[in-house]
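Only one structure is covered here, and it is reproduced in the block below.
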Protein chains: 2
Amino acid sequence: MVNLLQTRRLQRYRMALLRLKKMGLQKTFSHSLSEETGISAVLIRKDFSQLGIRGRRRGGYNIDRLLEQLKLIFGSEKEQNVILVGLGNIGSALVKYEGYRQGNMNLVAAFDIDPAKRTRRYQVPVYSLENLRDVTDTFDVSVAIMAVPEFSAQETASYLVENGIKGILNFAPVLLKVPDHVLVNNINVMVELERLMYHTGIKQKA
Amino acid sequence: MVNLLQTRRLQRYRMALLRLKKMGLQKTFSHSLSEETGISAVLIRKDFSQLGIRGRRRGGYNIDRLLEQLKLIFGSEKEQNVILVGLGNIGSALVKYEGYRQGNMNLVAAFDIDPAKRTRRYQVPVYSLENLRDVTDTFDVSVAIMAVPEFSAQETASYLVENGIKGILNFAPVLLKVPDHVLVNNINVMVELERLMYHTGIKQKA
DNA sequence: CATAATATGTGAATATATTCACAAAGCAAA
DNA sequence: TTTGCTTTGTGAATATATTCACATATTATG
């Protein structure tokens, strides 16, 4: 019912709506949202319409109601637990990050092969991957952030999947081979930078 | 000529090719690349064809030649300089990151408003944003990584643009308003996590 | 040299996503 | 209550991306 492209947009709507709400607004219009999100007004209306969210022909959309309905669609009233694997540069940054709560998430544990990393210096307990199953069982975790080096990425991913992980946020620049029921989202800083380089380069030539 | 969708794929090809090369292979086939990248073989051939890259009707594609041609298309033989703005959690991780060189990039300086951050503890000099123009002029920088808090993101972005930045890799969860000639790429960890949550949730219900 | 096998290359068909164009609803004001 | 303006909601048209189907080139082999 809701496809991948849409989820991305829905989140943009949500973020924009939260911003507008914080500014004290109570209602909004497809055009304002468009302004705020960069998504065309028609498309916004189509999305809402398709999701069964309806506005008023002149009064626009009620922000609170909208947020509520988006929350329903995104599901997960209850907080969801996440784990983090790999405490390198990116991993350590993510363990210090404080925004999980805001997104209704909770980072419950981190994992690293290096015993030196497994100290109490971090905000969450750090374990060896051997303890993975314990943690996933205890906290009912199905999503993992994976910030491990490229060479061990596939192995780690397979291990995570074996132990019940169904969603992986992967920072390694490799295409992970996982079963169909597992979803991988990739974040690759270098790739994004290179794309910028390429396009600024093009502009110079033109 | 090369659209945004394609650049993403081209980079995947490049990464996969580098991997294959490292494994000692000299030639490859659209099917192998498909296996490696998750992109369909036909689409790969179409892409190559459209870019004027031709293989042999039976021998497949020569990896070195392919890489060379991709490099030509991506342009930028010469190293490009990048700056980093904001030394919070993510910023500090990115300043420590060592992979820029590999992508033919060079992180030349970082910026932060907090004077305490402007020490020599980091691998690159850290300045106040007042010195931005000096740095961009000296190093001919047109791309910036922006890892600043949400509330100052728009302001920072505008300032960067005023000072000649044409590409921004933005980690703040806001849609930046920039002139048409500026390209923004967003990376948002929370959004990606939420999408995973959403989809693993769906699977549970189904 | 003929034949079989393998991959590429590409026009046509299909699928997907987005915009256009406009009717219908709702509010405001005369 | 009528008129006019605004904004939603949506079928149809367009644009974009991907796959199908197959002709064509190339190599290997008997």
Side-chain angles (χ1 to χ4, degrees), chain A residues 1-13 16-17 20 25-70 73 175 180 183 186 195 199 202, chain B residues 1-13 16-17 20 25-70 73 175 180 183 186 195 199 202:
Chain A
M1 176 173 181
V2 184
N3 61 40
L4 275 187
L5 247 188
Q6 269 186 330
T7 46
R8 205 158 243 143
R9 288 206 295 269
L10 295 189
Q11 283 176 304
R12 286 224 206 155
Y13 302 150
L17 288 167
L20 292 174
L25 297 179
Q26 303 198 336
K27 63 180 187 177
T28 188
F29 308 96
S30 57
H31 282 92
S32 326
L33 268 177
S34 171
E35 183 73 12
E36 207 68 20
T37 57
I39 296 161
S40 84
V42 201
L43 192 44
I44 292 176
R45 295 202 298 273
K46 267 250 156 83
D47 278 343
F48 286 177
S49 162
Q50 203 209 316
L51 295 168
I53 297 175
R54 315 197 68 83
R56 292 204 191 162
R57 293 268 169 159
R58 194 165 170 188
Y61 301 87
N62 176 293
I63 292 184
D64 279 328
R65 250 175 63 78
L66 251 176
L67 280 170
E68 234 169 275
Q69 293 186 277
L70 286 179
I73 289 156
L175 179 82
D180 277 351
L183 183 66
N186 296 293
R195 287 179 61 218
H199 284 280
I202 290 294
Chain B
M1 177 174 181
V2 184
N3 60 41
L4 274 187
L5 247 188
Q6 269 187 330
T7 46
R8 206 159 241 146
R9 288 205 297 267
L10 295 190
Q11 286 177 303
R12 285 224 206 154
Y13 301 152
L17 287 167
L20 292 174
L25 297 178
Q26 303 198 332
K27 64 179 186 178
T28 188
F29 308 96
S30 56
H31 282 92
S32 327
L33 269 176
S34 170
E35 184 73 11
E36 206 69 21
T37 57
I39 297 160
S40 86
V42 202
L43 192 45
I44 292 176
R45 296 204 296 276
K46 268 252 156 81
D47 278 343
F48 286 177
S49 163
Q50 202 208 318
L51 295 168
I53 298 176
R54 314 198 69 83
R56 289 203 196 164
R57 292 268 169 158
R58 196 167 168 186
Y61 301 87
N62 175 294
I63 292 184
D64 279 328
R65 249 175 64 77
L66 251 175
L67 280 169
E68 235 169 276
Q69 294 185 278
L70 286 178
I73 289 155
L175 180 81
D180 276 350
L183 183 66
N186 296 292
R195 287 179 60 218
H199 285 280
I202 290 294

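Quick note on labels: first sequence line is chain A, next is B, and so on, each numbered from 1. In this text the structure is predicted, and so the values were computed from the model without any measurement. These numbers come from the heavy atoms of this one structure, side chains and all, not from hydrogens, waters or symmetry mates.
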Contacts satisfying side chain to side chain donor-acceptor pair (under 3.5 Å) that involve residues 51-60 of chain A (not counting sequence neighbours) are none
Which heavy-atom pair separates Ala16(A) from Thr37(A) by the least distance, and what is that distance?
-> CB-CG2, 3.6 Å
Note: for Leu43(A) and Arg54(B) on DNA chain C, the residue whose nearest nucleotide lies more 5' is Arg54(B)
Is any N or O donor-acceptor pair between the side chain of Arg57(B) and the base of dT26(D) shorter than 3.5 Å?
-> no
Sub-3.5 Å pairs of nitrogen or oxygen atoms, protein against nucleotides 27-30 of chain D:
residue	atom	partner	partner atom	Å
dT27(D)	OP1	Arg56(B)	NH1	3.4
dT27(D)	O2	Arg58(B)	NH1	2.1

Rounded to whole Å, NZ of Lys27(B) lies from P of dT26(D) at a distance of 14 Å
Which heavy atom in Ile39(B) sits nearest to a heavy atom in Ile44(B), and how many Å separate them?
-> O-CD1, 3.6 Å
Taking only the side-chain heavy atoms of Phe29(B) (C-beta and beyond), determine which of dG11(D), dT8(C), dT18(C) contains the nearest atom.
-> dT8(C)
Verify the contact: side-chain N or O of Arg45(A) to OP1 or OP2 of dC20(C), cut-off strictly under 4.0 Å; return yes or no.
-> no
Could you state the CD-P distance from Gln50(A) to dT18(C), rounded to the nearest angstrom?
-> 12 Å
Worked check of side-chain contact (heavy atoms from CB on, under 4.5 Å) between Leu33(A) and Leu17(A) = CA-CA 8 Å; Leu33(A) 268 177; Leu17(A) 288 167; 4.1 Å; yes
To the nearest angstrom, how far is Ile44(B) atom CD1 from dT10(C) atom C1'?
-> 16 Å
Ignoring hydrogens and angles, does a donor from either the side chain of Lys46(A) or the base of dT10(D) sit under 3.5 Å from an acceptor on the other?
-> no
Arg45(A) versus Ser30(A), side-chain donor and acceptor atoms under 3.5 Å | yes
Below 4.5 Å, heavy atoms only, C-beta onward: do Arg9(A) and Leu43(A) meet side chain to side chain?
-> yes
Hey, does Phe48(B) reach any base, or is it just sugar-phosphate, or nothing, if we go heavy atoms under 4.0 Å?
-> nothing
Residue-level proximity of residues 30-39 of chain A to DNA chain D when a heavy atom falls under 4.0 Å = Ser30(A)
Protein-nucleotide distance (Asp47(B), atom CG; dG9(C), atom P), rounded to Å | 12 Å
Atom pair OH (Tyr13(A)) and CG (Asp47(A)), whose distance is rounded to the nearest 0.5 Å | 3.5 Å
Output the single nucleotide from dT18(D), dG9(D), dC20(D) whose closest atom is nearest the side chain of Val42(B).
-> dC20(D)
Taking side chain as C-beta onward, heavy atoms only, is His199(A) less than 4.5 Å from Thr7(B)?
-> yes
When the distance from CD1 of Ile53(B) to C1' of dA7(C) is rounded to whole Å, what number comes out?
-> 17 Å
Looking only at side-chain N and O atoms, does Ser49(A) come under 4.0 Å of OP1 or OP2 in dG9(D)?
-> no
Kindly indicate, with the supporting measurements, whether the criterion side-chain contact (heavy atoms from CB on, under 4.5 Å) is fulfilled by Gln69(A) and Leu51(A).
-> CA-CA 9 Å; Gln69(A) 293 186 277; Leu51(A) 295 168; over 6 Å; no
